[in-house]
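No experiment lies behind these values; they were computed from the predicted model shown. Numbers restart at 1 for each chain; the letters A, B, ... are given by sequence-line order, proteins then strands.
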Amino acid sequence: MKLGATAGLGAAISGTGSFVFPKNSNDDELAAAQIHRNLPEDFVASVCSCCPALCQLRLRRVGSKIVGVLPQSPKPCPRAYAIPQEIYHPERIRHPMRGTGARGYRAFETVDRGSAVDEMSRCLLQNPVRSAILLGGTAAASRNLLAEFALAVGCNDVYVEDSSIHQGPVDALRDATGWDRWNFSTLKSNGVISFGFEWLQSSSAFPESMVAFQKMREQNLPIIFVGSRYGTTAMRSKEWVRTRAGYEPLVALTICAHIIKQEKHARSCDAIQGFGDFAKSIAALDVGAFCKKTGVSPREIHRISDILIGRPKILAISCRGRLEDQWPVVLLNIVLGSVGTEQPLLPVQKLASPATAPAEGIPEKIERGDVESLVIVESNPVFGSPNPNRWRNALCKVKRLVVLGTIFDESCAFADVVLPLSCASESSDVYAKVSNSEVTRVKSEPAVPKGADMFDLAHLVFDLAKSPGGKELPWRTLDEYSNSVKTVSPPDLRIDLGKFVTWKDPVFEEGEFHVVPFVPTGFYCQNGGHLPYLLTTAGAHLREFWTTFIEINKETAHRLGIEDREIVILKSGAGEIEARARYYEGVPPDVIGIPLGLGHRIGSFAQKIGGNPSQLFAFRRDERTGAVLWNLQKISIRRIH
Amino acid sequence: MTRPQKKETVEDQIIAPLGRPTGKTYLAVCAGLGCVVVFGICAWLWQFKNGLGVTGLNAPVFWGVYLANFVFFIGISHAGTLISSVLRITGTNWRRPFTRLAEAITVFSLPFGALSVIVDLGRPDRLFNVMFFPHFSSAILWDVVCISTYLITSCMYFYMALIPDIAVCRDRLRSASTWRKWLYTTLALGWNGTERQHKILDRILSGMCVFLFALVISVHTNVSFVFGMTTKTGWASTIISPFFVLGAIYCGIACMILFAALFRKVYHLEKFITQKHFNSVSKFLLGLCCFWFYAMIVEHLFGFYHAEKAELELLHDKFFGNYAPLFWTMFACCFPIPFVILAVPKFRTIRNLVIISIVINIGMWLERYSIIIPSGAHPFLPWGHASYTPSWVEWAITAAFVSGFALLLLIFVRVFPVLTIWEVKEEQEEAHAEKELEAAIR
Amino acid sequence: MPKFGIVVDLDKCSGCQACSVACAMENNLPSGSADLAEAGRLLRWLQMLPQFEGEYPHYGGQTVPMMCQQCERPPCTLVCPVSATYPSADGIVAQIYWRCIGCRYCVNACPYTMKWFNWFEPQWPGELKDGTNPDVEMREKGVTEKCTFCHHKLQIAKERAKAEGRAIRPDEYVPACAMACPTEAIVFGDIEDPESDAFRKSRGARAFRFLEDLGTNPKVIYLKSM
């Protein structure tokens with residue numbers, strides 16, 4: 001068939017037009033390409049500041065607009081490619097605004113920069129003891145500078161957004177070694193066993209995980225996922241070990257006990273003081289009872305243990321859950337000899353940054369009257385926190401509220417004054433990036449000029465320092481500050497098992513079904529639901545776009561009379577939302593899978609169907625560590641009619 | 001009023017209704033249909049302005065009601081040519097009172113078939129690109145060719161056969177208004193019914209009959225190629241062309257019966273369109289009904305024997321799933337109901353025929369729908385859920401098409417005789433001659 | 001003439017969908033809206049095909065990145081009445097947006113359902129349009145579009161090479177999806193050049209094409225997951 005001939009004929013006729021593509025079939029040419037060639041095109045090195053991975057990119061700039069993102073190795077997650085959508089987002093805050101009316105439903109009017117800065121300085125400086133700062137996003141130098149300033153003027157506290165769901169068992173590691181900065185280096189490992197942690201989907205070291213995954217696949221290394229839900233990680237793992245929701249760490253403990261009993265533990269363990277006695281106590285644990293609880297058979301435990309001890313440098317990872325959830329995984333790493341500077345679980349340097357407190361303490365402090373004015377920087381607690389109603393109530397009560405951000409979101413709707421911040425690609429900043437066991441500083445320069453009314457956080461802090469009531473800072477520029485921050489290296493490792501916390505069964509919230517939450521790729525800290533390109537990727541395995549959905553086993557659904565794609569009501573002690581029920585055989589009958597980060601109600605890309613799943617989660621916190629617990633929630637489901 | 005002593009000729013009896021003043025009911029019906037058409041035009045303008053998104057179409061159901069209408073209207077149009085050309089060639093007697101109506105149905109339904117495709121285009125403003133950049137391996141391009149040829153030819157054919165009757169109107173409708181007189185005079189082309197004129201007309205008509213017959217087959221074959229030549233499950237089938245042609249004739253004849261019965265009643269043509277005629281045509285319909293059933297069985301049987309996953313899923317969905325109510329309604333409308341009524345002579349009353357004509361037309365429309373939409377909703381790859389519910393725009397345009405078609409017919413029968421006078425006369429003369437012959441033999 | 005193709009190694013695909021978002025960004029895909037998503041009218045040239053089977057606990061499968069399969073014998077170009085979609089001289093199935101009459105015949109003819117239709121005028125709320133790729137034509141309502149293997153990149157690379165009087169280098173022309181893939185699961189290249197990675201992979205034992213029996217002969221080749 002000579003199709004080209006006909007097409008060529010048609011195209012040749014079309015050659016009469018001046019704008020046509022293609023001019024003819026031999027000389028395909030883009031009119032648009034010609035347009036832009038008159039404008040300068042270049043590529044600017046930049047950083048994706050969406051998560052601690054701090055992926056390095058090259059932004060494609062044509063005529064002072066960012067029109068594309070080119071990845072650098074290791075390659076970033078989907079979020080990075082949506083950076084232009086973030087810069088030119090319809091809800092991008094471009095001018096300082098003042099809110100009037102009831103908080104949460106405020107009307108906003110543009111105000112001049114001066115009065116906005118005045119409001120901010122009043123908020124921080126009038127009664128510093130009762131004012132606080134909540135820092136979201138990644139720890140850029142400008143954020144730390146603001147924290148330094150706040151602490152210098154005597155603020156109540158500086159709080160940071162909670163990201164427990166993206167973190168590993170750092171608290172148990174701190175208890176075991178005294179050091180709290182760790183790198184769960186999948187890249188250094190010869191295989192990964194994950195206990196319910198979606199390290200291929202929501203790891204805060206996404207690019208590294210990807211490279212590691214590629215290597216493991218090429219070398220056919222073990223990738224094991226222990227969990228109840230067949231999520232992205234289970235899908236791509238070599239093995240999926242099904243277990244009861246919430247009991248994943250117990251499988252780790254069972255494996256530990258099995259390995260120790262067989263005396264197959266790593267030699268490095270013998271160097272640990274008191275390991276012998278400790279091993280005895282572990283070996284004495286009732287493995288059979290554990291197997292019954294987790295639903296993983298002893299034979300399966302035996303098989304997995306053999307895989308794990310068959311190779312050095314196997315990394316075990318899990319979420320930062322309860323302390324008793326964290327310990328088994330840390331212990332497994334110890335037993336496998338995977339902890340140490342040359343091992344996949346390695347201690348990392350840290351910056352001597354100002355001390356911070358977990359953000360979830362703020363609402364209580366507001367209720368108690370300890371915090372009267374609050375500055376929120378690039379964080380959306382009204383959306384992303386468990387039980388956001390706590391925040392809603394608190395933010396209604398707080399006397400002064402100033403929000404600094406790039407996109408107008410749910411938390412902005414409570415603010416007295418909203419200050420527009422420049423994006424990472426519009427301002428210069430310095431980021432602390434963890435590579436291997438070191439912290440390196442990544443500098444980023446503005447690729448495009450920021451809007452005339454937007455603020456550069458560092459400049460804003462220096463301005464505040466000069467304002468009446470402020471305090472002169474010892475640095476004049478951001479660079480000066482960032483260079484002055486010292487790095488602290490981890491001490492020589494000494495593992496101490498004295499603080500080991502024995503397993504206790506989790507206490508779930510009231511409800512019929514376990515909720516297994518997951519964070520879709522690119523939704524770090526539930527941030528990203530405002531970007532339409534990401535909204536279409538969150539539910540790809542069910543081809544569910546935009547809508548908040550739940551994964552429900554067909555059997556359960558039939559029992560409840562729920563049809564596929566039906567909108568159902570999810571209810572828990574904390575709240576009630578609507579979501580679309582999707583049949584998914586990757587969840588057991590007693591489990592509901594739910595994505596976090598969908599369900600925005602503000603903005604051009606807000607959802608029409610489905611609420612914010614965070615509303616279902618009661619605020620649970622491990623009192624010993626302060627980590628927010630997302631995996632203890634249970635809910636009930638009912639049909640709308 | 002004609003006086004009893006003066007014998008009323010066939011011509012007078014047939015054109016008598018045209019001479020009567022326009023009735024109120026007629027005007028009301030026309031106005032009603034006109035409103036629907038205007039609303040449909042508004043709906044189309046709305047769609048033109050906003051894009052095809054105002055329909056219920058989506059991925060993967062890219063084609064919907066518009067395409068069903070397309071196949072349906074093109075199908076109906078086959079009645080005319082079949083009755084008047086094929087039966088004219090074969091010299092079937094009972095065709096005579098139906099020919100004019102059948103041809104009118106052809107001419108008036110074809111534009112709506114063509115319009116359905118235009119309405120379905122995302123960029124109707126670029127319609128003429130098919131002329132500027134034709135791509136000859138596309139079935140749609142050939143559709144454009146076939147349908148336009150068919151439209152032009154059948155219009156000519158229709159007009160040719162109408163000339164002698166226009167002349168009758170010109171000569172006998174004394175009471176007609178000036179514009180109508182002018183219309184008749186112009187269109188009659190100076191016909192005065194000489195032997196030579198009759199001979200020429202006869203020769204032209206016979207020639208065109210053959211051409212039209214070939215066209216009928218090719219047009220609907222081409223329409224079926226649009227679907228059959230793709231790889232799509234449920235469309236890609238070798239029997240789809242004969243099945244389409246058969247279905248087209250089936251619903252076309254039903255449509256013709258419906259209008260014949262209607263105008264017979266309204267214009268009191270009982271003398272010319274007799275129970276005997278209806279009896280004959282209903283036997284013909286019965287045959288088509290059985291053939292349709294056969295073709296349907298064969299088509300679906302093939303699906304089962306292919307036993308491809310997508311194909312089986314499609315069949316399951318049609319027979320027992322989401323499309324089951326639609327499919328079985330369609331089936332009931334197309335086979336069991338008409339079969340029982342047509343097969344039992346006792347049930348073959350004109351009232352019943354009208355009812356099943358409506359039923360068959362609904363059934364055949366549903367058949368087009370259940371060929372096009374479920375296949376669209378069942379792509380090869382497991383893309384998951386797909387649904388399609390036509391929007392108000394689609395219904396409005398569909399209603400406008402049906403109304404427009406009826407309106408054109410109504411206007412036509414108001415101005416021109418609904419029976420082919422010269423053919424009816426022929427029939428009566430033949431009958432008379434036969435009687436005389438019988439008497440002579442006796 | 002090189003025969004450009006994509007090899008997708010399903011064993012290495014992590015399901016992150018960086019390819020999908022990078023594609024959307026590169027090719028100016030409209031952002032869409034909740035309503036469009038609900039109506040099944042989102043345009044994403046690269047989507048994940050869910051391929052799962054079984055029942056809990058014996059459940060398996062994964063999502064597969066799917067784009068236009070760039071058939072060597074494309075069913076879609078055959079049926080276009082106006083040659084708005086045609087196999088270009090580069091062997092890529094191209095789309096001419098201004099010529100498309102929007103009949104959606106090609107969309108129906110595509111057995112992979114990998115062609116998309118603009119049901120409405122694409123919306124670019126706010127200043128979103130500022131961040132679009134000037135190399136890629138913006139589409140209007142009523143036309144069909146699909147993955148073109150980032151054809152514009154090839155054209156730019158060709159022009160640059162022509163200006164410098166040399167042949168194009170393989171690294172000059174890489175579609176956005178292959179460039180974005182963090183695990184190198186998507187490999188782009190000349191599938192007939194024995195030197196290329198794509199060639200080597202496409203001839204492996206794990207290689208397969210979707211709906212091979214239709215004879216469309218896609219230039220997107222998948223490698224089975226192990």
Need one label for [X]: side chain, backbone, both or neither, based on atoms under 4.5 Å from any heavy atom in chain C.
X: A:Ile66; value: backbone
X: A:Pro71; value: side chain
X: A:Ile609; value: side chain
X: A:Pro76; value: backbone
X: A:Arg94; value: side chain
X: A:His89; value: backbone
X: A:Ala606; value: backbone
X: A:Arg580; value: side chain
X: A:Gln201; value: neither
X: A:Thr537; value: both
X: A:Leu70; value: side chain

State yes or no: are the ring centers of A:Tyr584 and C:Tyr59 separated by less than 6.0 Å?
yes

A:Tyr230 ring center within less than 6.0 Å of C:Tyr56 ring center:
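Centroid separation for C:Tyr56 and A:Tyr230: 6.0 Å or greater.
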
Tell me whether the rings of C:Phe4 and C:Phe188 are parallel (<30°), tilted (30 to 60°) or perpendicular (>60°).
parallel

Go through the steps to decide whether C:His151 and C:Gln95 satisfy the test side chain to side chain donor-acceptor pair (under 3.5 Å), and finish with yes or no.
CA-CA 10 Å; C:His151 201 183; C:Gln95 290 282 146; over 6 Å; no

Identify whether the distance between the nearest side-chain nitrogen and carboxylate oxygen of A:Glu551 and A:Arg229 falls below 4.0 Å.
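Yes, A:Glu551 and A:Arg229 are salt-bridged.
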
C:Lys12 and A:Glu218 ion-paired at < 4.0 Å:
yes

Region of C:Leu42 in contact with chain A, defined by heavy-atom distances below 4.5 Å:
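Answer is side chain: those atoms of C:Leu42 sit under 4.5 Å from chain A.
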
Whatever's closer than 4.5 Å to a heavy atom in chain A on C:Cys19 counts as neither

For C:Arg160, is the CZ atom crowded, meaning more than 12 foreign heavy atoms sit under 6.0 Å from it?
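Atom CZ in C:Arg160 is not crowded, with 12 or fewer foreign heavy atoms closer than 6.0 Å.
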
Would A:Thr548 and A:Gln607 count as a side chain to side chain donor-acceptor pair (under 3.5 Å) here? Give the steps.
CA-CA 8 Å; A:Thr548 305; A:Gln607 252 167 260; 2.7 Å; yes

